[in-house]
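Report on one structure; see the data block that follows.
Just so it is clear, the structure is predicted and the values come from calculations on it, not from any experiment. A, B, ... follow the sequence lines: proteins, then strands. Residue 1 opens every chain.
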Protein chains: 2
Amino acid sequence: MSVTIHDVAHQARVSASTVSRAFTTPEMVRTSTRERVLRVADEVGYTPNRAARGLITGKTANIGLIVPDLGNPLFPAILKGAQARALLADHAVFLADTDENPDLEVNLIKAMVKQVDGIVLCSSRMSESQLRGVLNLTDLTFLNRKVSGVPVVLIDSADGMRQAVEHLAALGHKKAAYLSGPPTSWSNRERRKGLRAAARTTGVECVELGPFAPKFEAGLQAADLVLATDVTAVLAFNDLIALGVLNRLADRGVAVPDEMSVIGFDDIAFAAMCTPPLTTVFTPKESAGRAAVELLLDWLDKKSLGHTGGTQRTLGTQLIVRSSTAPPPPVSAGSVGRA
Amino acid sequence: MSVTIHDVAHQARVSASTVSRAFTTPEMVRTSTRERVLRVADEVGYTPNRAARGLITGKTANIGLIVPDLGNPLFPAILKGAQARALLADHAVFLADTDENPDLEVNLIKAMVKQVDGIVLCSSRMSESQLRGVLNLTDLTFLNRKVSGVPVVLIDSADGMRQAVEHLAALGHKKAAYLSGPPTSWSNRERRKGLRAAARTTGVECVELGPFAPKFEAGLQAADLVLATDVTAVLAFNDLIALGVLNRLADRGVAVPDEMSVIGFDDIAFAAMCTPPLTTVFTPKESAGRAAVELLLDWLDKKSLGHTGGTQRTLGTQLIVRSSTAPPPPVSAGSVGRA
DNA sequence: CAAGTTTCTGCAAAGGATTGCAGTGTGCTG
DNA sequence: CAGCACACTGCAATCCTTTGCAGAAACTTG
């Protein structure tokens, strides 16, 4: 079928061992021999079979990456960073999409385990007990979920939320709504935490609506709930929801930002492309993907010398002010145009 | 390290062969034995090592998927479909992003070859000669690129373009611009073909601008070029470019659709979310991903009995009329508001 | 030139699973 | 009760590489 190490060995009149060494420990084989071997290998198009190699070395040079939903642009961005970083280290990546389903997540992990050196879990939706069940199956690294004893990369959502609330406060808003995301999401918990803290210090009153699925359609639904309250600003769990809100508000004839301010989260590419361009909190998506892979790889390297305990890397966020936020309307006009 | 077939064999007081058979050919092992083996396997958490299995069976139960750019929402959508279909067949997927770079594409293919049963190439940007070089490395299936002798799934872009041009003609447009995509893209060639044919039959004059990278930023750039012509409508290679055009036109104070009609291609999720909602040609992205995997898997199945020649599946498209298209402005107003 | 190093190279085992072939045990038949 | 067939199960080879160990070759040195 395909060309093996023995084919090369035979052609080059050496043993398989020598061919192997010519690739993995070149300094162990005489220059002239090595050159001949490599030339033959190149001629016949030989590349080592990684599965076979992995069998003996215990390293597959593959990593897994699991995301909740590729339909959310956040994840392709993370994935892109992760893939690029893995490529640098000459690793390939297995991808799986759980469709926001924790049980599927567990199964996908189990299926992957044997073919990878470790797995990056993005915004894992697993319960604590499910998590414990998979934790010792392989080396795991978490993105946007806090787990002790293993590498995690976190995006400082709480601080991003602080920036957003302070922005609203500075504009003069007194009352805002938070559209909550998935209850099992660490990011959502952090964002709420940041929200509550900032609400206290700034004096902005915050009501919480939801939870909502992190999707555009949920935003459409949320918008009407928002209009049923007397808030002048909305903070969405993510941009997708914010975009939905924007759309529904336009349909309902509510002007953004004049009658209602809207803030998203993540700064997906489309936040800048919609009308009005969305004020949102930038999160370093590709960097996060890169960082997660890097941490995982470092962790695996250090594994031989006993572990020093889980590493943690926290990435900053930055409010991007665009055109979906403005001072609140004068109080008398606050209820104009609503049902 | 991890639990092997021998651990199970030992625990269950049988040989490794029996454990193997309990999984792969259950009817060959006595019911009572099989149950005991499976129970033990479950208890110790054994799952067969696919790499080892692949070594002997010659099948890895993995497939590769290569895309030009995860930043284009088209590809995550395809990917999602592909991944879901692969999962159904109990296959895992390797993902790679080529960043629109053909040389990298070749290298990524070579790196993957040994770990997969076949690869799906999405909108491959490789040259003909590069393509010939990789064609016999493994089983390849192409998405949106015509290659003879192997399975391909095509999206009928030409017909989508026909629908778009006829739509413009029906609205009364006389002259339109096509913003061309990557020259190496099969889709772009098809779209141009469809455009030219429809231009002839409808009498709409079509000028071609570009080529442009299939990105938002290129659309910003293209918009000004469009305004320098006297067209009343723009057909973009894809939605990303169209969205850029929309944005730049808004900045330039050109009203869409009143002063200029804009049509995109692909119907990515955000086409419906922007303002005005974009008239665009829907392409079945997830279905295409599913179909590509399906064709590949079928192809692999049939491989044992000699091949019957490449299969080809063509998927239809559908113009989605939203709010970015309208009849052209009256002639006198045609140049109002332009530089 | 003999002896001792050093440098290369090959043999063979290992890694986890599958599978053809042969052996064990059971049940049936005559 | 002997003899046979049949249903299970185990042995051992195999897939492709890597790697410890030992032998061969080349080179130094006295």
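Between the P atom of C:dT7 and the CE atom of A:M28 lies a distance of 11 Å, rounded to the nearest Å. Distance CG (B:D7) to C1' (C:dG16): 10 Å, rounded to an integer number of Å. As a whole-Å value, the separation of B:F23 CZ from C:dT18 C1' is 14 Å. Distance NZ (B:K114) to P (D:dC15): 15 Å, rounded to an integer number of Å. Between A:H10 atom NE2 and C:dG10 atom P there is a gap of 13 Å when expressed in whole angstrom units. One can place CD1 of B:I5 at 13 Å from C1' of C:dG15, the figure rounded to the nearest angstrom. Between the C1' atom of C:dG16 and the CZ atom of B:R21 lies a distance of 16 Å, rounded to the nearest Å. Regarding B:E27, its CD atom lies at a distance of 13 Å from the P atom of D:dT9, rounded to whole Å.
The residues B:E105 and B:R125 are annotated as not salt-bridged, no charged nitrogen and carboxylate oxygen being separated by less than 4.0 angstrom. Electrostatic pairing of B:E294 and B:R290 does not count as a salt bridge here, judged by no charged N lying under 4.0 Å from a carboxylate O. The pair B:R145-B:E128 counts as a salt bridge, with a side-chain nitrogen and a carboxylate oxygen less than 4.0 angstrom apart. A salt bridge between B:D298 and B:R313 is absent, with no side-chain N of the basic residue lying under 4.0 Å from a carboxylate O of the acidic one.
Terminal axes of the helix from C:dC1-D:dG30 to C:dG30-D:dC1 (five pairs each, C1' rotation axis) are separated by 50°, to the nearest 10°.
Within the 4.0 Å cut-off from OP1 or OP2 of C:dG16, not a single side-chain nitrogen or oxygen of B:T4 is found. Side-chain N/O atoms of B:T18 include one lying less than 4.0 angstrom from OP1 or OP2 on D:dG10.
Side-chain atoms of B:R30 stay outside donor-acceptor range of the base of C:dG25, with no qualifying N/O pair under 3.5 Å. Remark: the A:S17 side chain and the D:dT19 base include a donor-acceptor N/O pair separated by less than 3.5 Å.
Contact annotation for A:T25: no contact, since no heavy-atom pair falls under 4.0 Å across all strands. Nucleic acid contact for A:V14: sugar-phosphate only, since backbone atoms but no base atoms lie under 4.0 Å from a heavy atom of the residue.
Neither side chain, B:K110 nor A:T47, offers a donor N or O lying under 3.5 Å from an acceptor on the other. Side-chain polar atoms of B:Q130 and B:D103 form a donor-acceptor pair below 3.5 angstrom.
In the region residues 31-56 of chain A, proximity to DNA chain C at under 4.0 angstrom, judged on heavy atoms, holds for A:T33, A:A52, A:L55, A:I56.
Counting only residues at least two apart or in different chains, salt bridge (charged side-chain N to carboxylate O under 4.0 Å, His left out) contacts with residues 65-80 of chain B comprise A:D69-B:K80, A:K80-B:D69, A:D97-B:K80, A:D99-B:K80.
In this structure, B:T98 OG1 and B:L104 CG are separated by 6.0 Å, a value rounded to the nearest 0.5 Å.
With A:T311 contributing its side chain and A:P151 its backbone, the two residues share no donor-acceptor pair below 3.5 Å.
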